[in-house]
Amino acid sequence: MFFFKKSLELPTPSEALPGRAAPLPTASTHFVSGRPLKGPYPEGLETAIFALGCFWGAERKFWQTPGVWVTAVGYINGPTLNPTYDEVCSGRTGHTEAVLVVYDPKMVSYDELLKVFWEAHDPTQGMRQGNDIGTQYRSGIYTLSPEQQRAAEASKASYEAALRTEGYDPITTEIVPAPEFYFAEGYHQQYLAKNPGGYCGLGGTGVSCQIGTGVGA
């Protein structure tokens with residue numbers, strides 16, 4: 001029981017693995033679109049970062065969204081530098097599995113991406129997503145501007161109210177300004193496109209999120 005409890009607690013910087021100075025090798029282009037994962041991205045595009053459980057299925061949700069230019073998976077919001085997948089899964093880096101979303105705001109709004117995020121998973125589960133248990137599966141929105149921060153917080157309040165009417169617990173999603181996003185190893189990038197029968201534990205609540213629809217909360 002002691003070890004199970006520790007696995008669901010974030011390490012302090014002094015407890016975390018040190019990591020390494022050099023970035024991990026990763027894919028250079030998106031397996032589906034052929035576009036560059038790390039850029040340069042075309043002028044006028046914007047970036048968002050979300051965490052919603054295992055990043056394999058989460059990334060697919062976003063690359064299938066019209067208006068999204070490219071996606072990539074990686075690790076965010078932990079003190080370990082350039083962590084590996086195995087290190088993240090150990091619970092000793094503090095990171096969560098995340099998706100970097102580069103999108104055209106003329107085709108899809110940040111609010112619409114928030115709607116995809118909220119409806120694709122259960123944001124009330126803390127350090128887990130379904131049968132996937134661990135700090136790397138926690139829900140998060142990592143904002144890149146004050147406007148994104150305000151939109152994310154407003155969407156959380158709106159969706160939490162909708163969830164509470166259906167009997168769900170409060171949302172546990174962390175919403176913070178984005179720290180460094182570390183690109184994951186190449187084999188994780190667009191994993192479900194390379195392995196169509198691969199594991200995807202992603203599942204939503206079935207509760208609709210009204211943000212991005214033009215319908216008031």
Side-chain angles (χ1 to χ4, degrees), residues 7-8 10 47-68 71-78 85 88-89 91 94-103 108-144 148-149 151-176 178 181 184 188-193 195-196 198-213 217:
S7 71
L8 300 184
L10 293 172
T47 302
I49 305 174
F50 303 103
L52 51 156
C54 175
F55 53 18
W56 293 346
E59 184 186 19
R60 182 170 62 182
K61 281 285 185 183
F62 287 105
W63 89 56
Q64 292 177 339
T65 300
V68 169
T71 58
V73 296
Y75 315 114
I76 199 167
N77 209 23
Y85 179 71
V88 171
C89 289
H95 294 84
T96 189
E97 296 185 16
V99 182
L100 178 78
V101 181
V102 180
Y103 65 100
V108 61
S109 69
Y110 186 66
D111 278 352
E112 289 169 324
L113 295 179
L114 286 168
K115 177 177 172 63
V116 172
F117 166 80
W118 291 120
E119 292 183 352
H121 75 304
D122 181 346
T124 70
Q125 295 190 326
M127 300 297 185
R128 66 181 298 166
Q129 195 59 216
N131 292 327
D132 293 330
I133 299 173
T135 55
Q136 75 271 28
Y137 299 119
R138 69 188 187 273
S139 174
I141 303 173
Y142 306 96
T143 60
L144 296 158
Q148 284 192 359
Q149 184 76 21
E153 291 173 350
S155 73
K156 176 184 175 182
S158 174
Y159 196 50
E160 185 168 62
L163 289 174
R164 293 301 290 269
T165 64
E166 299 297 326
Y168 282 88
D169 291 332
I171 285 175
T172 58
T173 302
E174 58 188 18
I175 302 176
V176 296
F181 175 88
H188 288 298
Q189 303 297 340
Q190 302 82 60
Y191 183 88
L192 292 182
N195 303 275
Y199 168 78
C200 177
L202 205 62
T205 62
V207 178
S208 177
C209 175
Q210 296 302 317
I211 190 161
T213 65

_Under a plain distance cut-off of 3.5 Å, with no hydrogens placed, do T143 and Q148 share a side-chain donor-acceptor pair?_
no
*Strictly by modelled atom types, are E174 and Y142 linked by a side-chain donor-acceptor pair under 3.5 Å?*
yes
Hey, does the side chain of [X] reach the backbone of [Y] with a donor-acceptor pair shorter than 3.5 angstrom?
X    : Y    : result
T172 : P123 : yes
Q189 : V73  : yes
Q129 : Y137 : no
R138 : T135 : yes

Nearest 0.5 angstrom please: [X] [atom1] to [Y] [atom2], how far?
X    : Y    : atom1 : atom2 : result
I133 : Q125 : CD1   : CD    : 9.5 Å
Q149 : L144 : CD    : CG    : 10.0 Å
E153 : I175 : CD    : CD1   : 6.0 Å

*Given side chains that start at C-beta, do those of M127 and L10 come closer than 4.5 Å, heavy atoms only?*
yes
*Side chains of V68 and L113: closer than 4.5 Å at any heavy-atom pair?*
yes
Which atoms form the tightest heavy-atom contact between [X] and [Y], and what is the distance?
X    : Y    : answer
F117 : A51  : CE1-O, 3.2 Å
I211 : S155 : CD1-CB, 3.4 Å
H95  : G78  : NE2-O, 3.2 Å

*Between Y159 and W118, what is the ring plane arrangement, given parallel below 30°, perpendicular above 60°, and tilted in between?*
tilted
*Begin from the C-alpha positions of Y75 and F55 and carry the test ring-ring contact (aromatic ring centres under 6.0 Å, His included) through to its verdict.*
CA-CA 9 Å; Y75 315 114; F55 53 18; 5.8 Å; yes
